[in-house]
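In this text the structure is predicted, and so the values were computed from the model without any measurement.
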Amino acid sequence: MQHELPFWFEAASLTALVVLLLVDLVVVGRRPHVPSMKESGLWVAFYVALALVFGGLVALVGGSAPAVEFYAGWLTEYSLSVDNLFVFVIIMTRFAVPREHQQKVLMVGIIVALVLRGAFILAGAAIIAQFVWVFYLFGAFLIYTAVKLVAGGDEPEEYQENRLIRSLRRVLPLSQTYDGGRLRTVVDGKKLFTPMLVVFLAIGSTDLLFAFDSIPAIFGLTQDPFIVFTTNVFALMGLRQLYFLLGGLLERLVYLPIGLAVILGFIGIKLILEALHENTLPFINGGQHVEAVPTVPIWLSLVVIVGALGVTTVASLLRTRASSRLEPVPDDVDAPS
């Protein structure tokens, strides 16, 4: 549902988030480096704490309902973003991005993604307001995605350039090598774009493709565009540091796709139930609302999301720990006599 949060609160929140993103971008641009595990962990903790505080402010201003919706949406978006880090790793490797500039690539890519997602969210909110039956499509798509996640295993798909990137390669004069973190360089007297521009757009446009899964899922938890957008902002803001923090840990989360499938499948069913409850399609119940269909409370959604993530994370770590114990110890080359 949509909530009547005060305009001043929404305006102040969005302004503060924009300022925070710009400051973060300036800091990263002036001091390119590979963050340590401690630095990454502190920043991840900071952004998680910031999201928790923001949810508390939403509760103070608008009540518990929008706050719970924010927390549920943020957890869903964050968990889906963790899975997307696999593809970000592949993109960085594919374009051979120097590690000291990967922070900047992720930061700019995230800002591009937020702009594109903002347009996507506004369009989605307008469509939902006029056509409630779109929930049937969103719900069916999320259930299909959940089944595909389980059937597809836990191996990340190989990255393939989308049409936008392929078109840029044909149209723009690109240099063969990077020039630090610059977008433009000069080679033999000619001004050329560096591969950094392509990487920025690869991260941003690929993230938009991920949004086709995550944004319908969040609309299944709340139809308030402000809450939907802020969940995306807080999830993506901490993604850059999470990229460096997780590292090899991503490979240990072997059951994460199953957890995400449970979440997406649950939200897909929730959407279809809501669509039936608000039904206007003439070929279903004569175009009347199906009042007998139960509605899923938001607190139950939050419990399912937290439970699915917790169980799959613990199960993944236990499995990888047991597997490492069962690995054979290599024989010594020089055996003692």
> For residues 195-204, which residue pairs qualify under side chain to side chain donor-acceptor pair (under 3.5 Å), counting only residues two or more places apart or in two chains?
Replying inline: none
> So, do Thr194 and Thr177 sit near enough that their side-chain heavy atoms are less than 4.5 Å apart?
Replying inline: no
>> Using side chain to side chain contact (heavy atoms under 4.5 Å, CB included), reason through Ser301 and Phe266 one step at a time and then give a plain yes or no.
In response: CA-CA 8 Å; Ser301 300; Phe266 171 81; 3.6 Å; yes
>> Taking side chain to side chain donor-acceptor pair (under 3.5 Å) as the cut-off, I'd like each qualifying pair that reaches into residues 308-318, sequence neighbours left out, listed once.
In response: none
> Taking it one step at a time, do Ile143 and Leu264 satisfy side chain to side chain contact (heavy atoms under 4.5 Å, CB included)?
Replying inline: CA-CA 6 Å; Ile143 293 173; Leu264 292 178; over 6 Å; no
> Given side chains that start at C-beta, do those of Asn232 and Ile215 come closer than 4.5 Å, heavy atoms only?
Replying inline: yes
> Considering residues at least two apart in sequence or located in another chain, which fulfil the ring-ring contact (aromatic ring centres under 6.0 Å, His included) criterion with Trp299?
Replying inline: none
>> Please check: side-chain N/O of Tyr178 versus main-chain N/O of Pro195, any donor-acceptor pairing under 3.5 Å?
In response: no
>> Could you go through Leu137 and Phe141, starting from their C-alpha distance and side-chain angles, then the distance that decides it, and tell me whether this counts as side chain to side chain contact (heavy atoms under 4.5 Å, CB included)?
In response: CA-CA 6 Å; Leu137 300 180; Phe141 177 71; over 6 Å; no
> Got a sec, which residues hit side chain to side chain contact (heavy atoms under 4.5 Å, CB included) with Val115, two or more places apart in sequence or on another chain?
Replying inline: none
>> For Leu318, give me all partners under side chain to side chain contact (heavy atoms under 4.5 Å, CB included), at least two apart in sequence or on another chain.
In response: Val314
>> For Phe46, give me all partners under ring-ring contact (aromatic ring centres under 6.0 Å, His included), at least two apart in sequence or on another chain.
In response: Trp43
> Val97 and Gln102: which non-hydrogen atoms are nearest, and at how many Å?
Replying inline: O-NE2, 3.2 Å
> If you link I, L, V, M, F, W and Y whenever their side-chain heavy atoms are under 4.5 Å apart, who else ends up in the same group as Leu122?
Replying inline: none
>> Just so I know, are the side chains of Pro66 and Phe226 near enough to count as touching, which here means a heavy-atom distance under 4.5 Å?
In response: no
>> Taking side chain to side chain donor-acceptor pair (under 3.5 Å) as the cut-off, I'd like each qualifying pair that reaches into residues 44-56, sequence neighbours left out, listed once.
In response: Asp24-Tyr47
> What's the shortest heavy-atom distance between Ile121 and Pro225, and which atoms?
Replying inline: CG2-O, 4.0 Å
> Taking all non-hydrogen atoms of both residues, which atom of Gly62 and which atom of Leu5 are closest, and how far apart?
Replying inline: CA-CD2, 3.5 Å
Donor-acceptor pairs under 3.5 angstrom involving side-chain atoms of residues 268-285: please list them, not counting sequence neighbours.
residue: Lys270; atom: NZ; partner: Gly220; partner atom: O; Å: 2.7
residue: Lys270; atom: NZ; partner: Glu274; partner atom: OE2; Å: 2.5
residue: Asn279; atom: OD1; partner: Tyr136; partner atom: OH; Å: 3.0
residue: Asn279; atom: OD1; partner: Leu281; partner atom: N; Å: 3.2
residue: Asn279; atom: ND2; partner: Leu281; partner atom: O; Å: 3.4
residue: Asn279; atom: ND2; partner: Ile284; partner atom: O; Å: 2.7
residue: Asn279; atom: ND2; partner: Gln288; partner atom: O; Å: 3.1
residue: Asn285; atom: ND2; partner: Gln288; partner atom: O; Å: 3.3
residue: Asn285; atom: ND2; partner: His289; partner atom: O; Å: 3.2

> Cluster partners of Val18, using ILVMFWY side-chain heavy atoms under 4.5 angstrom, listed by chain and number?
Replying inline: Leu22
>> If you compare all heavy atoms of Ala308 against all heavy atoms of Ile263, which two are closest, and at what distance to 0.1 Å?
In response: CB-CG1, 3.9 Å
>> Please report the interatomic distance CG(Leu192) to CG(Leu197), rounded to the nearest 0.5 Å.
In response: 12.0 Å
> Can you name the closest pair of heavy atoms from Leu106 and Met92 and give their distance?
Replying inline: CG-CE, 3.5 Å
> Run the side chain to side chain contact (heavy atoms under 4.5 Å, CB included) check on Leu20 and Met237 step by step: do they pass?
Replying inline: CA-CA 9 Å; Leu20 181 61; Met237 278 199 309; 3.8 Å; yes
> Is NZ or CZ of Arg117 both nearer than 6.0 Å to the six-membered ring centre of Phe229 and within 45° of the ring axis?
Replying inline: no
> With sequence neighbours left out, what residues match Phe54 under ring-ring contact (aromatic ring centres under 6.0 Å, His included)?
Replying inline: Phe9, Phe70, Phe234
> Considering all heavy atoms of both residues, which atom of Ala217 and which atom of Thr76 are nearest to each other, and what is their separation?
Replying inline: CB-CG2, 4.3 Å
> Do any N or O atoms from the side chain of Thr222 and from the backbone of Phe219 form a donor-acceptor pair under 3.5 angstrom?
Replying inline: no
> Under the side chain to side chain donor-acceptor pair (under 3.5 Å) test, which residues partner Arg182, sequence neighbours left out?
Replying inline: Asp179
